[in-house]
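Please read the structure below before turning to the comments.
Proteins get letters first, then strands, A, B, ... in listed order; numbering begins at 1 in each.
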Protein chains: 2
Amino acid sequence: MDNAKKKNLEGAGWRVGSAEEFLGLTPEEAAFVEVKLALSEKLKARRTQQGMSQAQLARRLGSSQSRVAKMEAADASVTVDLLVRGLIASGASKREIGNAIGGVAPRQARTGRTRGNAA
Amino acid sequence: MDNAKKKNLEGAGWRVGSAEEFLGLTPEEAAFVEVKLALSEKLKARRTQQGMSQAQLARRLGSSQSRVAKMEAADASVTVDLLVRGLIASGASKREIGNAIGGVAPRQARTGRTRGNAA
DNA sequence: TGCGTGTATGTCAGATCGGACATAGCATCG
DNA sequence: CGATGCTATGTCCGATCTGACATACACGCA
């Protein structure tokens, strides 16, 4: 799965979700998968951004490299639970997690926060 | 990690924000619990707001009333996975889910978290 | 009082998850 | 080339979760 491409689509008009429907998922299942995908992407982004290897993050998580790989691949055997824990272990705040799921595009194109912030 | 401990503690009846530290949770565990709490609150809010009973939501979820009760109680035996599914089943958008976690209050005052909608 | 409805709590068998391990693919380096 | 480091995939088996059920509590009503 190439994240770059997916992100392009997201930024453009939203395509990723349609893949799930194509697979015969209900809208609810699709939404759930989207949540997982969003979190797995964010996890990978944070990890690489911090120059960590999967093995390092795994250690921090008390898990294994293979599991981290599956997390980032949004493998079916990975739950949102684990992804959230992984994000937290990678230092993500609740805010970041929330934004990853429902937030506006994580693209850094925008200079200001969605909402007025820092004094 | 130490789910047993968490289970007991949660079962012992606990309060929202500050209790984690008192319970000796690591910051990461605390953050995770906060996520769960935020989601369970949102779930209950959405359900009642829609005039649904736990049993009705359960049916929609393909689950049972007792499990929904546990979800809303943020019981240790429910995962973020299930909470997210519950929210989706209740019609919540990804955005709403993200906001519930990441906490930018959409509209109403964020202070009355206990349920203070007694207007 | 008894009944109906909604919610809370405990339990359990079966389903799912997760850490660990093995293994393979791919770069990079000496 | 071999060695090292990082990632991907498949497979176990013990740990955890989940739906279902039983049951209890609360409230309103006739």
Using whole Å, what does the distance between atom P of nucleotide D:dA20 and atom CG of B:L82 come to?
12 Å
So do the side chains of B:Q50 and B:Q56 get within less than 4.5 Å of each other, counting heavy atoms only?
no
Between A:R67 and A:V78, does the side-chain contact (heavy atoms from CB on, under 4.5 Å) criterion hold? Intermediate values first, please.
CA-CA 8 Å; A:R67 182 115 331 248; A:V78 167; 4.0 Å; yes
Check: protein-nucleotides 6-13 of chain D nitrogen or oxygen pairs below 3.5 Å:
from: D:dT7; atom 1: OP1; to: A:R47; atom 2: NH1; distance (Å): 2.7
from: D:dT7; atom 1: OP1; to: A:R47; atom 2: NH2; distance (Å): 3.3
from: D:dT7; atom 1: OP2; to: A:Q54; atom 2: N; distance (Å): 2.6
from: D:dA8; atom 1: OP2; to: A:Q54; atom 2: NE2; distance (Å): 2.6
from: D:dA8; atom 1: N7; to: A:Q65; atom 2: NE2; distance (Å): 3.1
from: D:dA8; atom 1: N6; to: A:Q65; atom 2: OE1; distance (Å): 3.2
from: D:dG10; atom 1: N7; to: A:K70; atom 2: NZ; distance (Å): 2.9

B:L83 atom CG is separated from D:dG19 atom C1', nearest whole Å, by 15 Å
Just checking A:S63: base, sugar-phosphate only, or nothing, at a heavy-atom cut-off of under 4.0 Å?
sugar-phosphate
Whole angstroms only, please: what is the CG-C1' distance between A:L57 and C:dG18?
15 Å
Calculate the interatomic distance between B:M71 atom CE and D:dA20 atom C1'; express it in whole Å.
13 Å
Close side-chain approach of B:T79 and A:T79, heavy atoms under 4.5 Å:
no
Sidechain-backbone polar pair: B:K36 side chain, B:L83 backbone, donor-acceptor under 3.5 Å:
no
Does any non-hydrogen side-chain atom of A:E41 lie less than 4.5 Å from one of A:K44?
no
Please test B:L82 against B:M71 for side-chain contact (heavy atoms from CB on, under 4.5 Å), starting from the C-alpha separation and ending with a verdict.
CA-CA 8 Å; B:L82 191 57; B:M71 290 186 218; 3.5 Å; yes
Could you state the atom-to-atom distance from CG of B:L61 to C1' of D:dA20 in whole Å?
14 Å
B:T79 near the nucleic acid: base, sugar-phosphate alone, or nothing, with a heavy-atom cut-off under 4.0 Å?
sugar-phosphate
